[in-house]
Amino acid sequence: MLEYTLTVADLAAFADRQSADSPEGEARRRRTRLVGAWLAGGAVYLVVFAVSTLPLLLGRQLLLAGGTEFLDVVVGVLAGWWEWRGGVVAGWLQRRRSRLRARVALEQTGATRRLWLDEDGLNVAAGDRSTHVAWATITQLAETDEHVFVYTGPGAAHVIPRRAGFEVDALVAGIRAHVHDPS
């Protein structure tokens, strides 16, 4: 029996993997990059406006304020373009979304997991709930340096962190022995 505690980072890693592998994830990344560019450009514009143009407006130096306003817009557009190219804010937004969804999932299911194999499949106990996953239901087994993902359908997987110990390798070997070509 393998026993471990899932963290928000574990579930967020799965969400990030799903996002990277799916066509819907690509569309979401493009939207997030657009939102990130808008947020970065808008924030930079507001700061530059507050420092350069607003004092001129309050001092009724309207002609000079008009010129600095033009520069403020240019600086905001350049900041948005820089964000669009680099994706710093977009990456932060995606990580924040993944972590929020992971936090909700952990609240619903609990963090402690117990996994064991029997002749019919994989058994998963989480909190008060228990699930049996038949061998035929396991569609894919994916491994990274930090996690093992046991897929049971599109967008659904059991996340096993490698930090759970040497039993993870034994569990993976047992699953591979029963599941046909789980690439």
Side-chain angles (χ1 to χ4, degrees), residues 4-57 65 68-113 115 124 126-127 129 131 133 137-164 168 172 182-183:
Y4 58 92
T5 301
L6 279 178
T7 65
V8 169
D10 294 329
L11 293 181
F14 174 67
D16 292 342
R17 181 180 178 90
Q18 285 299 101
S19 177
D21 292 345
S22 71
E24 298 86 21
E26 180 59 33
R28 184 177 298 118
R29 277 191 300 283
R30 278 195 308 271
R31 283 191 310 270
T32 304
R33 285 183 64 194
L34 181 62
V35 168
W38 183 81
L39 286 174
V44 168
Y45 165 78
L46 286 175
V47 169
V48 173
F49 173 82
V51 170
S52 64
T53 305
L54 191 58
L56 295 173
L57 286 173
T68 58
E69 174 63 13
F70 175 75
L71 291 175
D72 297 349
V73 170
V74 169
V75 170
V77 168
L78 288 174
W81 177 79
W82 174 81
E83 167 55 30
W84 175 259
R85 302 277 295 160
V88 174
V89 175
W92 177 81
L93 289 171
Q94 286 178 329
R95 286 187 303 277
R96 184 176 182 272
R97 180 179 183 272
S98 294
R99 293 181 78 72
L100 179 63
R101 293 180 69 193
R103 217 174 267 112
V104 169
L106 283 179
E107 287 173 5
Q108 292 174 345
T109 63
T112 303
R113 300 283 192 274
L115 279 71
V124 180
R129 298 165 36 181
T131 303
V133 181
T137 308
I138 298 174
T139 59
Q140 182 183 4
L141 190 64
E143 298 182 62
T144 67
D145 291 341
E146 296 178 5
H147 298 92
V148 174
F149 304 107
V150 181
Y151 285 86
T152 57
H158 294 284
V159 180
I160 305 169
R162 291 217 180 259
R163 71 175 181 283
V168 173
V172 168
S183 59

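Here, residue 1 is the first one in the sequence, and each next residue gets the next number. Quick caveat, the model's predicted, so the values are computed rather than measured.
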Subject >> Side chains of Thr68 and Thr53, donor plus acceptor under 3.5 Å >> reply: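 Judged by distance alone, the side chains do pair up.
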
Enter the distance from [X]:[atom1] to [Y]:[atom2] here, rounded to the nearest 0.5 Å.
X     : Y     : atom1 : atom2 : answer
Trp92 : Leu39 : CH2   : CG    : 8.5 Å
Arg96 : Arg99 : CZ    : CZ    : 11.5 Å
Trp38 : Leu34 : CH2   : CG    : 10.0 Å

Close side-chain approach of [X] and [Y], heavy atoms under 4.5 Å:
X      : Y      : result
Glu69  : Tyr45  : yes
Arg163 : Thr7   : yes
Ile160 : Val172 : no

Heavy-atom pair of closest approach, residues [X] and [Y]:
X      : Y      : result
Gln94  : Thr32  : CG-CG2, 3.8 Å
Leu141 : Val150 : CD1-CG2, 3.5 Å
Pro55  : Ala50  : CD-O, 3.4 Å
Ala40  : Val89  : CB-CG2, 4.2 Å
Phe14  : Ala156 : CZ-C, 4.2 Å
Ala65  : Leu57  : CB-CD2, 3.7 Å

Subject >> Side-chain donor or acceptor of Arg85 paired with backbone N/O of Trp81 under 3.5 Å >> reply: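 No.
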
**OP:** Please say which of Val124, Ile138, Leu6, Val148 ends up in a side-chain contact (heavy atoms from CB on, under 4.5 Å) with His158.
**Re:**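 Among Val124, Ile138, Leu6, Val148, the one that satisfies the side-chain contact (heavy atoms from CB on, under 4.5 Å) with His158 is Val124.
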
Subject >> By side-chain contact (heavy atoms from CB on, under 4.5 Å) - contacts of Thr144 (at least two apart) >> reply: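 By the side-chain contact (heavy atoms from CB on, under 4.5 Å) rule, Thr144 matches Arg17, Glu146, His147, Phe149.
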
Original post:
Is Trp84 atom CH2 crowded by more than 12 heavy atoms from other residues, nucleotides or ligands, each under 6.0 Å away?
Top reply: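 It does: Trp84 CH2 has more than 12 such atoms within range.
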
